[in-house]
Each structure stands twice: as structure tokens, then as C-alpha cells.
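Below is one structure, written out as C-alpha cells; the observations come after it.
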Amino acid sequence: MSRPEYEDILEGKRLYSDLGFSMETYDPPRYKHCKPRTPEKVKEDVLNSTRVLSVIEQLATETDQSEDELLSQARAMVQEMGHNLRMRSIRFFAYFLNKIFKTLYKKIYVNGDHLEKLAKMSKDQPVLLLPSHRSYIDFLMLSYVAYCYDFPLPVIAAGADFMAMKFVGTLLRNCGAFFMRRSFGSDRLYWAVFTEYVQTLIRNGDSPMEFFVEGTRSRTSKSLSPKFGLLSAAIEPFLIGSVYDITVVPISISYDRRLEETLYARELLGIPKPKESTSGLVKARSVLQEDYGSIHVCFGEPLSVRKLAEGRIDRSVHGLHPRHMSMFTSEEQTFVQHLAYQVILAQQKHMVISPWSLVAAVLSQHPQGLRLGKLVNEVVWLKKQAVGLGAFVDWPAKEDPSSVVKSALELHHHVVALGDNAKVTLNLPPQTRPKMETGMARKHRVMEEAEVRLMVVTGTNQLLHVFVRVALVLMALSGDGTKTRDEMFRIFMFLRRTLEKDFIFMPGQDKQDFDTAVQYLCRVHVLEEEGGSVRVSVSGKKLQSFLYEMFSPFLLGYWIMCQYLLTVSSDDARGSTTQQLTRGAQDMAATLLSNGHAERFEILSLDMLGNSITSFVSVGAVKRFKR
Amino acid sequence: MAEHRGKAGMESRRFEAISGHLASNDRPKSAENKDKSQIEMRQCGEVKSVISKHRQEVLKWNGWGYKDSKFIVNKKGLAEFVGEKYRLSGMVLPSLVTWMEKNTGGDIQHTSPAQSERKPEDVPEPVTNGDFLKDVSELDISYSQDPLDREFHAHGHTLHEIFILREGTFKRVPDVVIWPSSHDEVVKIVRLATKHDVCIIPYGGGTTVSGALQCPEEETRMIVSLDMSQMNNILWLDEKNLTMCAEGGIIGQDLERELNLKGYTTGHEPDSIEFSSLGGWVATRSSGMKKNIYGNIEDLVVHVRMVTPRGVMEKNCQVPRMSTGPDIHHFIMGSEGTLGVVTEVTMKIRPLPEMKKYGSVIFRNFEDGVACLREIARQRCAPSSIRLMDNMQFQFGQALKPQAGSIFTSFVDGLKKMYITKWKGFDPNQLCVATLLFEGAKEEVLAQEKRVYEIASQFRGLPAGEENGQRGYMLTFVIAYLRDLGLEHYIVSESFETSVPWDRVLDLCRNVKERLTRECHDKGVQFPPMNTCRVTQTYDSGACVYFYFAFNYRGLNNPVHVYEEIENAARDEILACGGSLSHHHGVGKLRKKWLSQTVSDVGIGMMKAVKQYTDPQNIFGSNNLITLEKAKL
């Protein structure tokens with residue numbers, strides 16, 4: 001894909017009335033084989049589908065429920081689920097969002113030429129829109145953008161927790177959201193109803209379908225490991241020949257500053273998140289007074305599922321079973337998994353790195369703060385490294401670097417402050433330390449401090465995917481400094497495998513990742529190869545130590561989990577829940593921090609500690625079982 | 001070069017089975033009404049065929065059908081069907097040219113004429129096995145090494161083959177054409193071929209569209225084209241058991257005409273019936289338009305004699321069914337000339353139906369039509385034939401409307417008239433038509449007709465008259481001639497077919513058409529192709545779908561190669577959508593590469609084992625269906 005050409009869609013709308021905007025002609029293209037139907041008809045079609053009816057029949061024979069009871073359950077499910085996309089709501093929504101977005105954001109950048117191309121393609125085959133998910137704003141933004149470009153409004157798979165919100169739930173529903181319970185375990189009826197609902201919309205191509213491959217919002221600003229269930233259901237119509245092709249569009253939505261930053265920091269530390277409620281949203285209105293900078297919405301290169309499947313999938317095997325019975329061959333399962341990873345990697349590729357992210361990365365490595373001049377120098381250096389690795393940094397070319405940094409600091413004034421002495425420090429809680437502080441009190445203070453520090457960490461996190469592969473290579477060289485490629489690859493593999501839940505790697509591509517990273521590092525003279533051995537050059541030391549500092553908190557966090565597991569594993573045969581383990585390890589980390597034995601607050605993140613367990617499970621060090 | 005024995009009848013007769021589709025409902029007296037005490041087993045005389053021994057005397061050497069019959073663009077720039085054999089003959093089709101231009105792009109003024117008469121020196125020199133020929137001459141069996149005879153037997157009717165005839169030359173053609181006149185002669189020929197290691201390719205009607213008649217280019221032995229046309233007698237007719245026995249070479253229309261004279265029919269009516277042979281039907285697992293009443297070839301065959309290098313294979317009785325291990329008939333049906341040659345076939349016959357009635361139903365869209373056909377199949381009340389044409393084929397039918405003629409009462413005019421009153425809401429760019437053929441006793445036909453129209457009405461279908469139905473079936477036979485017209489104007493076209501479960505019919509049709517369109521675009525075809533389909537047979541669990549596909553190849557260097565790539569892609573798509581490799585055209589050489597995927601490796605192994613036992617020397621070396629490892633043979 002060529003470099004995205006962004007245009008600011010708010011420009012022009014500022015001079016134009018919200019009402020006028022909401023009344024503009026909106027006549028999006030339609031999938032050529034679509035037979036138009038109402039949202040009610042969609043639900044009817046789901047209930048009359050062979051898939052749902054046959055599950056009802058099975059359940060009626062296996063349980064003591066009658067078919068009628070089951071059917072009314074199914075009806076309730078589809079009612080709960082169903083979207084109700086309506087023009088009136090869309091116009092209202094357009095009005096409302098236009099108003100809000102103009103207040104919240106300076107610019108909304110979109111690579112509109114891609115969207116226009118996509119609009120043409122959407123006539124030929126059903127479309128899946130797969131955006132990154134880091135904020136509530138994501139799906140509102142995407143619908144808004146669609147409206148602006150006369151693109152068909154997507155129906156959106158949303159978590160059922162939104163549904164409970166009065167008014168907002170209904171509004172979202174009327175704007176195309178359909179709701180999916182977060183967990184429905186082995187409820188076959190629900191699965192059948194949900195699958196059919198998704199597939200009937202795709203088969204008929206009523207609207208593009210939007211969902212989040214990551215499954216939920218990433219609190220950390222790092223991409224989450226993909227979920228495969230919904231993607232499998234959405235791809236199945238192609239596998240069984242119900243549609244000719246499906247277009248999959250990875251979309252990257254990048255924020256200068258997220259609305260939920262504070263909330264997320266608290267969540268990562270385990271301070272419970274408030275239940276989604278309308279009154280909560282109203283309280284959040286003060287949030288709306290702030291400036292959130294710019295947003296970049298990048299529509300990635302559309303992927304044709306048909307082209308990707310060519311030569312990999314033999315679809316004729318589905319001639320041997322009724323099509324309402326979902327059956328995935330192992331090739332198909334792998335195919336869907338790879339597709340999911342491919343989508344997330346594509347999202348990462350087109351993420352726009354904000355200057356704040358660079359600032360935060362430097363700040364994380366200076367817990368006590370640093371002078372503005374040094375900060376600017378470091379940030380400029382880091383920017384060069386990131387750009388070298390192909391990142392798109394939103395850096396105004398003509399502006400003086402220090403003013404770019406200053407405006408990033410200004411945008412995040414709730415986290416950092418630029419003092420009169422030109423020193424940049426975090427807005428930490430007041431450091432009134434009593435002489436005889438108890439352990440408990442010390443830990444409490446640590447947690448308060450952590451809330452602010454983690455907001456810096458989430459800023460840094462937006463940058464990690466750019467560096468992770470080269471960082472793992474350089475970390476492999478950290479010991480005595482000289483290794484053969486094979487030795488390096490072994491360590492690289494170990495690190496990659498250990499951290500595969502925290503970072504996104506294409507399964508099976510470890511050698512390629514390694515070779516590409518080594519090749520890059522040699523080209524920029526960070527690595528030198530001599531007599532079959534590789535070492536870091538003198539000029540490369542800076543990058544090595546910077547990246548080491550950037551990624552070492554993960555190793556530290558994993559190490560703490562190991563230490564914690566050693567304290568619990570022997571004495572309790574019943575095992576521990578993941579939550580007990582992460583909380584326990586977090587407590588251990590807090591102690592280390594309060595004693596001054598550790599100084600990186602990332603290790604308090606329940607997300608990372610949870611990932612470490614998953615990783616240990618996958619390498620077989622820890623066993624997961626049901627109690 | 002051998003003397004040709006006796007001259008076969010050159011006089012071509014009107015094809016009664018076709019005219020059957022054109023005649024009124026008054027049928028000749030049904031056999032049922034005859035005095036039952038009449039002779040039960042009748043000796044039947046020699047049959048005079050419409051096809052001559054040297055086929056090029058009656059048939060086109062480089063295109064479809066009778067020499068005299070073809071579409072031309074007349075001086076006024078209008079399409080005209082010339083000749084004398086068909087109801088449409090001599091008629092002008094005013095809208096055809098416009099329709100072709102519109103739907104395949106291009107301009108009728110651009111012509112791509114075929115090479116003129118074949119020069120004998122362009123046909124490869126024959127490989128001659130002198131000892132074999134000497135032994136054959138001693139038996140006084142008719143044969144010919146005339147280049148034109150040999151070339152005529154070198155091909156069937158795939159686009160590829162016709163294109164070679166029009167613009168190129170075959171690399172390999174049969175080295176001799178032999179015309180046996182009896183089963184015993186065939187036995188002798190096969191024995192001699194085995195003795196002298198000569199390759200045999202049986203030749204029936206030559207209508208294959210699977211490349212089955214093509215000579216393997218790498219074949220170094222002498223290749224015999226065993227032309228069965230002189231074995232065309234009906235040997236006997238058994239009225240008690242309602243069976244008849246005929247020699248394998250009899251041509252469909254001859255068989256049907258003779259049986260009709262006696263008040264009977266086999267009811268087997270493949271679209272190629274004018275030219276295809278009984279033995280060919282058996283060897284390719286043929287299917288007939290009226291299978292809903294009479295069954296496909298596998299339902300009709302009671303007994304088969306096949307001469308193989310190992311000897312003659314046949315059953316020892318003529319019973320309706322038996323449980324004696326795998327049915328050996330199923331080794332024969334679909335063997336496509338790889339195991340032996342079918343010399344005699346006993347087949348079921350039925351008294352001619354008392355009544356024959358056409359009909360048609362118009363639907364709002366293809367989906368409604370398919371749903372209706374599915375329901376008719378579910379209720380098992382399908383008429384003798386029911387075919388659902390998609391919108392483009394419906395419009396195509398309109399474009400084939402001649403200037404005059406009662407049967408050709410304009411559908412469009414009728415439509416317009418009715419449109420206002422009855423058919424309001426039918427979109428001419430969406431609607432599609434099912435053609436119907438009812439056969440049976442009068443009350444049965446009327447009752448069935450009523451039932452079918454009732455079901456149709458549940459799917460918003462409206463009866464659209466008998467004439468539209470009749471025209472639909474009549475056009476089946478002339479459509480084959482259209483390809484030659486297209487080829488004169490840079491348009492290549494072909495048909496292909498599949499069978500598919502009911503629930504996948506719509507998806508398959510849509511995906512295959514989409515694939516064709518996109519492949520054409522990707523392969524540099526400059527105009528959007530014409531692609532259209534019809535559901536042409538219904539079964540309990542699925543249907544047969546038939547595609548017509550054409551594109552304008554101006555600007556392409558190798559249109560046949562491009563065409564083949566596109567057809568291959570379409571076949572991949574069919575298989576991916578749950579369709580079969582073939583419903584009735586067979587595998588031949590054209591579809592070989594998909595056979596193991598279709599029947600599993602073990603299935604291929606079984607076929608090879610049968611071949612290995614029956615024909616270890618690969619005498620029947622057409623190389624259809626499977627490729628044999630050289631070492632084993």
C-alpha cells in the first residue's frame with residue numbers, strides 16, 4: 001500500500017451546521033446480490049433458519065424443554081441481539097457526533113481515497129471492517145466516518161454490557177450495533193442464534209459488518225492477541241460457498257490521547273471499572289471539556305479472503321455435510337488464525353505514532369523526570385529510530401522539535417508538567433512520607449503513584465510493536481556481547497515464545513522475523529558481523545540499552561510471577577485462580593517497588609501478569625485446569 | 001485403400017423426435033390400444049440411418065450438425081437459419097445480431113472465417129500396421145484410410161477441437177477407420193488388434209464434449225477408429241417385457257423413429273439425440289431430458305454386450321434387478337471406451353404416451369423458480385421435463401424469435417399485453433421461465449399440469465402458455481448451431497454442466513457466473529462475457545445445472561487457451577461449491593485432472609485394476625478417465 005494520504009474531515013464541518021450535516025443526502029452503495037430487508041425480517045430469517053431449528057430440535061430431545069420453550073428462548077435471544085439500523089437514528093447520530101467530535105478533537109484524519117475505493121468494492125462482495133480497539137470512541141468514529149464518505153453504515157458486534165445502558169443502548173442499536181454476550185460458554189442455542197445472525201447478514205450483505213478481532217478494548221494500547229470465534233463465523237459463508245468472496249479491511253485508529261486513559265490505568269491496577277451506565281456517561285461529561293488532540297483513521301489494504309485461501313483451502317470438503325452444521329478443517333482453523341494475526345499486524349503497521357508516545361517512552365526511563373532539552377534530544381533520536389523501522393510518526397515537519405514536545409506535554413497535562421526550571425516531571429501525588437511508614441501504607445502510596453506512571457506506560461506501549469523484533473535480537477546479545485547467529489536465534493525464539501501473549505507475532509514466522517530484524521540492524525550498523533559472530537557496534541550501544549530499558553519490565557514482571565509461583569505452588573494442591581495469582585504477584589511487585597528494589601511500575605499491571613501465566617501455560621511450566 | 005462396401009442411405013429424413021416437439025398433441029395410436037394378441041416378439045428389419053457411412057457427406061466437417069443447416073448473417077445484416085431440417089430453417093431472426101453484439105461486445109462486421117476445405121495433405125500420414133490390415137482385409141471388413149474419413153473421426157465437439165478444425169490441424173488422427181457390421185466382426189477385430197498390438201478408439205455419434213475421441217499424441221501404435229454406424233439394427237422388440245434390443249451403433253433419432261412407428265419409445269432423449277448413438281449413451285452414462293418419467297440410461301439398460309480384449313462381457317439373463325455382487329453394467333456405463341466397445345444393448349421401452357403437452361411458467365426471479373422446482377421435486381410430481389432458465393437465457397430465447405410463424409407468436413408481445421393486466425410487477429430484467437413437458441394418459445397429464453401450476457403459484461409463478469414451452473425445447477436443438485455463427489465473429493462459446501444438492505443450487509450458479517466474469521476480466525477479455533445457466537433436471541436430492549458461456553476474443557492471441565483456463569477455473573468453482581465433476585457429459589480427457597479428487601485415490605485404483613485385468617495391453621487406448629503408468633502395460 002502506498003503511504004496513506006490523510007485528509008481532515010472536521011475541516012469544513014466547523015463552518016457548517018451540525019443539522020445541515022445530518023440532513024445531507026446519504027445514499028451509500030449496496031452489495032449487488034443484497035435483497036433488502038428490515039431488521040425485523042433479519043431476525044425472522046434467523047429464527048427460521050435450519051441452523052437454529054435443528055439445534056432446537058436436538059435440545060428438545062436432549063433436555064426436558066419443549067421446542068416451543070426453546071423457540072421462545074431463541075426469539076428472546078435474537079431480540080436481545082438484533083440491531084435496528086434506521087435512517088432517522090443515523091441522522092440524529094450524525095448530528096450528535098458531529099457536535100461532540102468537533103469539541104473533543106482538533107483533527108480527524110482519514111485516508112479517504114481508500115474508503116472511496118472500498119465503497120466501490122462493497123458492491124461486489126460483503127465487507128468486514130476490522131478496526132483496532134483501544135477506546136469506546138472506535139465504533140462511533142467509524143460509523144461517523146462512514147456517514148461522511150457516503151459509505152454504507154456498518155452493523156457492529158458490540159459487547160452486551162452496552163446494551164444495559166438506557167437510551168445509549170437503544171441509540172447504538174438503532175445505529176447498527178448488535179450485541180453479543182461476552183461469554184456464553186456451551187449454550188448451543190445462543191451460539192446457533194448468534195452464528196446465524198452474523199452469517200445471514202454476511203450472506204445477504206445487508207451492511208458491512210464491523211467487529212474487533214481483539215475481542216475487547218485494549219487498555220494497555222498494545223494490540224491484544226486475536227480472538228477467532230467471531231472471525232470464524234464471519235468467514236464460514238465463504239468457506240461453504242454461500243458467498244463468492246469476503247473483503248476484510250484492517251483499520252487502524254490511533255489517538256493522541258484517549259478519553260478513558262485514567263480509567264484504564266486504574267483497571268490495569270485492579271481498581272474495578274464502573275459498570276457501563278448512562279449516568280456514568282453523564283458524569284463523564286467533565287471529560288468532554290478536555291482537548292484530546294487528533295485521531296487518525298487508516299483504512300488498510302483490503303484483503304480478499306478468496307485470494308488468501310487460494311491453494312490453502314479445499315472448500316469442496318464442505319460438500320459432504322449439511323451447511324448449517326459448522327465444520328472447520330484444521331487447515332481452515334489455521335487459516336482463520338493466520339488471518340486474524342494478519343489483520344492485527346496490518347493494523348499495527350498503519351498505526352500513527354503520536355509525539356506523546358515518544359515522549360512517554362523517554363519519560364518511562366527517567367522516573368525522576370528530566371530537563372526539557374534532554375527530553376527533546378532523546379525524543380528526536382527515538383523518532384529517527386522509529387521512522388527507520390517504518391513507523392508513521394505524526395510529526396509536523398516544519399515545526400521546531402521542542403514545540404512539538406511541548407504541545408504533547410500540554411495535551412497530557414493531567415500526567416506531566418513542565419516546571420519553571422524547564423524540568424519535566426510527572427504529576428505524582430504529594431510525597432509526604434511519614435517517618436515510620438507501615439508496609440501497608442507504603443504499598444498504598446505505590447499504587448497511587450502507579451496510576452500516573454501507568455498512563456505514561458500506555459503512551460509508551462503504542463510504540464512497542466515497532467521495536468519489539470529488533471529489541472528481542474538486541475536483548476539476545478546482552479550477555480557477553482558476541483554470539484553466533486544460531487545462538488542469537490535460539491534466545492530470540494525463547495524470548496519471542498515467552499512474550500507471544502504480550503506482543504503480536506505471526507505464528508510460524510519466527511525465522512523471517514529474526515532475519516528481517518538482524519538484516520535491518522546490520523544495515524543501520526547497530527550490529528557487526530565478523531567471523532561468524534555478531535556483536536553490537538559501539539554506535540549501536542545506545543539503541544541496545546534504550547530498547548533493553550523499554551522491554552525489560554516485561555521480563556521483570558514475568559520473573560516476579562515465577563518467584564510468586566514458587567511461593568504458592570508447593571503448599572496448595574487445589575491450585576490457584578488466575579486472579580489469585582496475578583493479585584499475589586502484583587502484591588509482591590508492590591513490595592519490591594516500595595522497598596526500592598524495583599523501580600518500573602509496569603510490573604504492577606495485572607494485564608502483563610495475566611499474560612505471563614498464559615505464557616507459562618503454553619510452554620508447559622504451569623497447568624491450567626477446571627475446578 | 002480398401003473398397004467401401006455398400007453405400008449407406010444418403011437420404012436424410014426429417015427428425016421425428018424433434019418434430020415431435022413441434023407437432024400438435026394428437027399422437028399416433030398408442031401401443032396400449034393395440035390388440036394385445038399381436039406378435040409379442042417381433043423381428044425388426046434393417047434401419048436406414050439419416051447419417052451416411054462417410055459422415056462428411058451429410059454432416060459438417062468443421063462444425064455442428066447437418067451440412068445444410070447453419071446460422072448466417074444475411075445481406076441485410078440479420079441472422080438467418082438456413083437449411084431444411086428444422087422448423088426454424090429458412091427463418092430470419094431479426095433481433096439475434098443485436099443481442100449478440102450487446103451481450104458479448106464487439107461488432108458483427110468483424111469476422112474470423114474458418115479455413116476453407118481441408119486439404120488431404122494436411123492430415124498426418126497414417127501409421128500402418130500392415131499385418132493387422134492384411135488380416136482385417138481377409139475378413140472382408142470395411143475400412144478406410146482416406147485422410148478426410150480419418151480426420152472426421154479424430155475429434156468430438158469441444159471448443160478446442162472445433163477451433164483446430166477451423167484454424168489448425170490435428171497432430172494425431174486415427175490411422176484407419178473400420179466399420180464392423182456385426183458383433184462377431186467386432187470380436188474378430190478386437191482379437192486382431194490384441195494380436196498385432198493396435199490401439200482402438202470406438203466411435204459412436206462423435207458428439208462427445210469431453211475430448212474422449214482425441215487420439216493421444218504420444219500413441220505410436222496404429223490407431224483404429226472403430227465406427228459403429230453400420231451396426232444400427234434393431235434386433236428385436238419384446239412387447240411382453242417391454243424391452244428391445246438394438247446394435248450399439250444405432251443413432252438416437254433412428255432408434256426413436258423406428259420405435260415410434262411401432263408405437264413405442266425408449267423415452268431417452270439427450271440433447272444430442274439427433275447424432276449420438278446408443279452405445280455412446282451407455283459408454284458415457286448419458287442422461288435424457290425426460291428422465292423424470294423414463295429414467296436415465298442406467299435405469300433404462302437391461303442388458304449390455306461389450307467386447308473387451310479379455311472377451312465378451314455380459315449378463316446371462318435379462319432381469320429387472322439382481323443381487324450378484326457389484327453390478328457389472330456399472331463397469332461399462334461411464335467406461336468411455338477404455339475397456340471395450342458396446343455392441344448390443346437391451347433397453348426398456350414404453351408405449352407412446354397418449355398425450356404430450358407443453359407448458360411454461362414465468363417467475364419473478366431465479367430464486368423463486370429454483371424454490372418452485374425444489375418443491376415440485378419434493379412432491380415428486382415433476383413432469384416429463386422441467387427446465388428453469390435464468391433471466392439471460394430467457395432474453396436469449398426472445399432474441400431467437402423469428403419474424404413469423406404461429407409457434408413463434410411473440411412472447412414479448414404476449415408479455416406486454418399480459419403485463420398490464422396480470423403480470424404487473426414482473427421485472428423483465430429479473431424474471432425467468434420454466435419450460436414444461438407433460439406426457440402420459442390424458443387425465444394424468446391434465447391432473448399433473450394442474451398440480452404443477454398450483455405449486456408454481458405458491459412461488460408467485462404464472463403459467464405463460466404452451467407455445468413458450470414448445471419453443472424452449474425446439475431451441476435446444478438449434479442452439480448447438482449457434483456456436484459456429486459465433487466463431488465466425490470472434491465469439492467462442494461452450495456449455496458445461498454439473499449436478500448439485502438443492503440447497504447449493506443458487507450459490508453455485510451465482511458463484512460460477514461471478515468466477516467466469518472475473519476470470520475473463522483477469523485474463524484480458526475485453527468485453528464482459530455472456531454467461532447464463534439453467535436448472536435442467538430435478539432429482540429428489542438435487543438438480544443438474546447447465547451453463548452456457550461465451551465471450552468475444554478480439555485482441556487475444558490464444559483464445560482457446562484462455563477459454564480453457566477460464567473453464568478450468570469455473571470447474572474448480574463448481575467443485576468448491578459442492579457440485580460434481582459432471583452430471584452427464586463425462587470425464588474424457590478434459591476433466592481427468594479432477595477425477596481422483598472426485599472419487600478418491602482408492603476409487604481411481606479400482607478403475608485401474610479393472611482396466612488392468614480387462615485390457616492389459618491398453619488396446620482401448622483412448623486414455624480417457626485415468627492415466628495408466630507406462631511400466632505396468
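Throughout, protein chains are lettered first and strands after them, A, B, ... in sequence-line order, and every chain is numbered starting at 1.
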- Within the side chain of A/Y31, is there an N or O that forms a donor-acceptor pair under 3.5 Å with the backbone of A/V127? no

- Message: Looking at every non-hydrogen atom in both residues, tell me the closest pair between B/W502 and B/V370 and how far apart they are.
- Response: CZ3-O, 4.2 Å

- Query: Which pair of heavy atoms, one from A/A119 and one from A/S122, lies closest together, and at what distance?
  - Reply: O-OG, 2.7 Å

- Region of A/R203 in contact with chain B, defined by heavy-atom distances below 4.5 Å: neither

- Item | Side chain, backbone, both or neither of B/R510 within contact of chain A (heavy atoms, under 4.5 Å) | side chain

- Task: Could you look at B/R518 and say if it's the side chain, the backbone, both or neither that has a heavy atom under 4.5 Å from chain A?
- Result: side chain

- Task: Could you list which of residues 311-332 of chain A have a heavy atom closer than 4.5 Å to any heavy atom of chain B, in residue-number order?
- Result: A/D314, A/R315, A/S316, A/H318, A/G319, A/H321, A/P322, A/R323

- Message: Between B/N624 and B/E336 (side chain of the first, backbone of the second, donor and acceptor by atom type, cut-off under 3.5 Å), is there such a pair?
- Response: yes

- Message: If you count every heavy atom of other residues, nucleotides or ligands that lies below 6.0 Å from A/M506 atom CE, does the total exceed 12?
- Response: yes

- Item | B/T104 (side chain) donor-acceptor with B/E101 (main chain) under 3.5 angstrom | no

- Task: Please examine the side chains of A/H83 and A/V155, heavy atoms only from C-beta on, and report whether any two atoms are closer than 4.5 Å.
- Result: yes

